[in-house]
Amino acid sequence: MSLRNSLSLVLAPPHPAGRPFIYGGAAVAVVGGLILGSWLFWLGALFTGFCLYFFRDPTRVPPPRPDLVLAPADGKVVMVSLAAPPPELDMGSTPVWRVATFLSVMDVHVNRSPVAGRVARIAYRHGAFVDASLDKASENNERNALRIDLPDGRMVGCVQIAGLVARRIVCTAREGDIIAAGERFGIIRFGSRTDVYLPEGVLPTVLVGQTMIGGETILADLRA
């Protein structure tokens with residue numbers, strides 16, 4: 001990656017969900033610093049800088065082919081396995097291929113649609129906050145699940161899963177929305193995981209340990 005690309009990633013404008021944290025940190029730095037001294041100024045400035053970095057929302061360019069499944073987030077693939085989709089998505093109980101991407105606090109946390117289609121179902125479930133890299137996080141952790149129906153009738157599931165530190169899942173999509181592949185649909189604050197459930201018979205093209213770029217990395221080919 002070139003220096004210019006690296007800087008554009010680090011200095012990307014923040015996602016709207018981060019504004020309360022950024023404004024709050026800046027207020028602590030300015031007001032608190034004036035009242036209580038330089039230590040509070042630097043504390044507020046460091047927190048503001050971290051939030052600017054964490055909530056960065058860089059531009060991504062999805063591949064032009066309409067028959068691809070894309071990574072829903074930045075991070076590292078921690079699981080590629082057969083699993084039944086969450087029951088709240090009404091995708092059936094037959095195990096399909098699931099690709100789980102773990103997002104550390106250093107990754108871009110904006111979630112993007114893996115495919116183009118119609119958001120047919122959104123279901124939020126309260127739960128625990130265990131380490132998102134563990135398999136049981138898919139069932140036990142707080143999560144927000146989307147089912148996206150493809151034009152040919154097949155379905156893709158995309159699940160935002162809270163992690164050990166994450167305490168807020170934001171989803172801006174609504175049921176009935178027509179969404180494009182790579183389009184932003186939400187964000188998870190401070191460490192999390194995003195799972196994609198592929199249509200039956202579609203095989204993943206990524207491996208455990210592979211680094212994902214949300215909206216750009218190809219997870220699967222729907223024609224295969």
Quiz item: When W97 is tested against each of V202, L198, L219 for side-chain contact (heavy atoms from CB on, under 4.5 Å), which residue passes?
Solution: L198
Quiz item: At what distance, to the nearest 0.5 angstrom, does CZ of R143 lie from NE2 of H126?
Solution: 12.0 Å
Quiz item: What are the two closest heavy atoms between S93 and A84, and how far apart are they?
Solution: O-CB, 3.6 Å
Quiz item: Quick one: does D149's side chain get under 4.5 Å of M155's, heavy atoms only?
Solution: yes
Self-check item: Euclidean distance, E183 CD relative to N111 CG, rounded to 0.5 Å
Solution: 13.0 Å
Quiz prompt | Co-membership, hydrophobic cluster, residues V110 and V170, 4.5 Å side-chain | solution = yes
Practice problem: Apply side-chain contact (heavy atoms from CB on, under 4.5 Å) to the pair Q160 and S192, showing each step before the final yes or no. | Solution: CA-CA 8 Å; Q160 301 169 283; S192 54; over 6 Å; no
Quiz item: Got E216 and L70 here, is their nearest side-chain heavy-atom distance under 4.5 Å?
Solution: no
Self-check item: Working for side-chain contact (heavy atoms from CB on, under 4.5 Å), residues I178 and R118
Solution: CA-CA 4 Å; I178 302 299; R118 184 177 68 88; 3.8 Å; yes
Quiz item: Roughly how far, to the nearest 0.5 Å, is the CG atom of L203 from the CG atom of L222?
Solution: 11.5 Å
Exercise. Side-chain contact test, heavy atoms from C-beta onward, threshold under 4.5 Å: evaluate it for F102 versus M79 and give yes or no.
Key: no
Self-check item: Closest heavy-atom pair and its distance - L68, V115
Solution: O-CG1, 3.8 Å
Quiz item: To the nearest 0.5 Å, what is the distance between CE (M91) and CZ (R154)?
Solution: 11.5 Å
Quiz item: So does E200 have more than 12 non-hydrogen atoms from other groups sitting under 6.0 Å from CD?
Solution: no
Self-check item: Which atom of C158 lies closest to which atom of T194, heavy atoms considered
Solution: SG-CG2, 3.9 Å
Quiz prompt | A73 backbone acceptor or donor facing T101 side chain under 3.5 Å | solution = no
Practice problem: Show your working on salt bridge (charged side-chain N to carboxylate O under 4.0 Å, His left out) between R65 and D221 and close with a plain yes or no. | Solution: CA-CA 10 Å; R65 282 176 49 189; D221 189 333; 2.9 Å; yes
Quiz item: Would L40 and L46 show up in the same hydrophobic cluster when neighbours are defined by side-chain heavy atoms closer than 4.5 Å?
Solution: no
Quiz item: In this structure, which one of V159, I188, I161 forms a side-chain contact (heavy atoms from CB on, under 4.5 Å) with R193?
Solution: I161
Self-check item: Taking every non-hydrogen atom, the tightest pair across A120 and E175
Solution: O-CD, 4.1 Å
Self-check item: Closest approach of T48 to A26 (non-hydrogen atoms, all atoms of both residues)
Solution: OG1-N, 3.0 Å
Exercise. Quick one: pull up CG in D177 and CD1 in I122 and give me the separation to the nearest 0.5 Å.
Key: 7.0 Å
Exercise. For residues G44 and A29, report the shortest heavy-atom separation together with the two atoms involved.
Key: C-CB, 3.8 Å
Quiz item: Are V69 and V96 linked, directly or through other ILVMFWY residues, by side chains that come within less than 4.5 angstrom of each other?
Solution: no
Exercise. Would you mind reporting whether I179 and F185 have side-chain heavy atoms less than 4.5 Å apart?
Key: yes
Quiz item: Could you state the interatomic distance from CZ (R19) to CG (L52), rounded to the nearest 0.5 Å?
Solution: 12.0 Å
Quiz prompt | Side-chain heavy-atom pair T217, Q210 within 4.5 angstrom cut-off | solution = yes
Practice problem: Taking the side chain as every heavy atom from C-beta outward, state whether I218 and T205 have any pair of such atoms under 4.5 Å apart. | Solution: yes
Quiz item: Between V28 and L43, is a side-chain contact (heavy atoms from CB on, under 4.5 Å) present by the stated rule, with each step listed?
Solution: CA-CA 8 Å; V28 169; L43 183 63; 5.8 Å; no
Quiz item: Would D57 and R184 satisfy salt bridge (charged side-chain N to carboxylate O under 4.0 Å, His left out), going step by step from the backbone distance to the final call?
Solution: CA-CA 10 Å; D57 184 9; R184 301 170 179 86; 2.8 Å; yes
Quiz item: Does any non-hydrogen side-chain atom of V99 lie less than 4.5 Å from one of V77?
Solution: yes
Quiz item: Quick one: are V108 and R56 in side-chain contact, heavy atoms under 4.5 Å?
Solution: yes
Quiz item: Step by step, would you call Y197 with R147 a side-chain contact (heavy atoms from CB on, under 4.5 Å)?
Solution: CA-CA 9 Å; Y197 292 83; R147 192 187 87 203; over 6 Å; no
